[in-house]
Amino acid sequence: MTQTTASSVGSTAPTTANAVGAASPTAALAPLTIERRAIGADDVRIDIHFCGICHSDIHFARGEWGEIPYPAIPGHEIAGVVAEVGANVTKFKAGDRVGVGCMVNSCRECENCKNGLEQYCLKGNTQTYGSIDRDGTVTYGGYSDHVVVNQDFVLNIPDGLPLEKAAPLLCAGITTYSPLHHWQAGPGKQVAVVGLGGLGHMAVKFAKAMGAEVTVLSQSLRKQQDGLKLGADHYYATSDEATFEALAGRFDLIINTVSAQLDMGAFLGLVKTDGALVNVGAPGEPLPVPVFSLLMQRRTFAGSGIGSIAETQEMLDFCAEHGITAEIEVIGADRVNEAWERVLSSDVRYRFVIDNSTL
Ligand code: NAP
Ligand code: ZN
């Protein structure tokens, strides 16, 4: 952690932040300013250095998950440096390298919050963007130059991880680490990752580091060399029907990261008896599941959402230990619209990260 001498204590007035956001579901992203709340006693103000672009940002801002408040300021892969802390903050000080992921609060009282599963808060966690915060204000994400967050939802970024390469770990990282860990990817396990995008490329790295044999199932063989370099043992194109015959019943665990509808029956056919297909992709439309694909082999079809704060810190520490970071393309804020189009056409290698100093 970076040591500094300054340890300023909370400003009493709200601040204005430069941001990039969408004014409507169909509007291009454009510069605008937003207000950040004054630093409360338990808050940390973070100067955002980098913010990853997640496909969720696009689903959200374009209203694909339902109605949202506008302007929409996406961004939940935030990496930066603490600028100021509130009077009660003990976990952080000015100068610390920190991250913020997909949530910035939860009720802290329900069974799940008490059990350290605040991502599954029974009253709904407060999302980093587009949520109504506990103080009644709408949350705005990391496509902005600073953010104010309760200290309990701020993560330490270990020294060995450059901030720009660590930013995507805050969503793409934890969202794939958590199910791989929960479903025990490890030595002797056959793990497949569907979709080699932001989440997919992190899933490959984690599954490999956990000791599993890893297969990528991509739409084509276009990214095969990359996939093998990232750590995959095998790479198949799902556009080729022979893939589904060759791999029938092969996998203990499949992580589906695809942002669109897929034929779940075909992919469930690749799961072993008692294996699981875990969906982390979040298209707006339902994913129909043919029940016979499940019951004939006692297969599980499951979902998984991000991870807890403790597990996110565990994942960041695992990354530092294993030298894992995201493969990124850093862009200025003026290229966000172009980056979104490239994400939509599966032309991302493998995460765009905004340099927030350009805001
Ligand atoms: P991404 O970078 O766009 O990657 C998605 C990949 O899916 C693409 O690179 C592509 O891989 C494949 N794909 C895209 N469209 C497809 C289609 N029509 N048919 C088949 N394959 C297709 O997106 P991401 O940022 O990784 O996010 C992926 C999904 O996870 C999004 O829906 C996002 O909202 C969701 N998400 C969920 C959580 C959670 O908590 N569960 C957290 C974060 C994100 P190939 O080119 O290799 O085929
Ligand atoms: Zn995300």
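Counting starts at 1 for both ligands and their atoms, in listed order. Scope of the values below: all heavy atoms of this structure, side chains included, with no hydrogens, waters or symmetry mates.
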List, one per line, each side-chain donor-acceptor pair under 3.5 Å for residues 63-71, sequence neighbours excluded.
from, atom 1, to, atom 2, distance (Å)
Glu64, OE1, His59, ND1, 2.7
Trp65, NE1, Ala282, O, 2.8
Tyr70, OH, Ala61, O, 2.8

Per-pair distances, 0.1 Å, donor-acceptor, side chain in residues 165-175, under 3.5 Å, sequence neighbours excluded:
from, atom 1, to, atom 2, distance (Å)
Thr175, OG1, Cys171, O, 2.8

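Backbone or side-chain N, O or S atoms of Cys54 reach the Zn ion (ligand 2) at under 2.8 Å. His76 lies close to the Zn ion (ligand 2), since one of its N, O or S atoms is found at a distance under 2.8 Å.
In summary, the side chains of Gln219 and Thr238 do not present any donor paired with an acceptor at a separation below 3.5 Å, with no hydrogens or angles considered. Arg250 and Thr215 are not linked by any side-chain donor-acceptor pair at a separation below 3.5 angstrom, with hydrogens and angles left out of the test.
Contact residues of ligand 1 (protein heavy atom closer than 4.0 angstrom to a ligand atom; sorted by chain and number): Cys54, His55, Ser56, His59, Trp65, Cys171, Thr175, Gly195, Leu196, Gly197, Gly198, Leu199, Ser218, Gln219, Lys223, Thr257, Val258, Ser259, Ala260, Leu262, Val280, Gly281, Ala282, Ser304, Gly305, Ile306, Val343, Ser346, Val348, Arg351.
Under a 4.5 Å side-chain heavy-atom criterion applied to ILVMFWY residues, the cluster that includes Ile254 comprises Val194, Leu217, Tyr236, Phe244, Leu247, Phe251, Val258, Leu262, Met264, Phe267, Leu268, Leu270, Val271, Leu277, Leu287, Val289, Leu294, Phe301 as well.
For His201 (side chain) and Gly197 (main-chain N/O), a donor-acceptor pair under 3.5 Å exists by modelled atom type. In this structure a side-chain-to-backbone donor-acceptor pair under 3.5 Å is present from Asn279 to Gly281.
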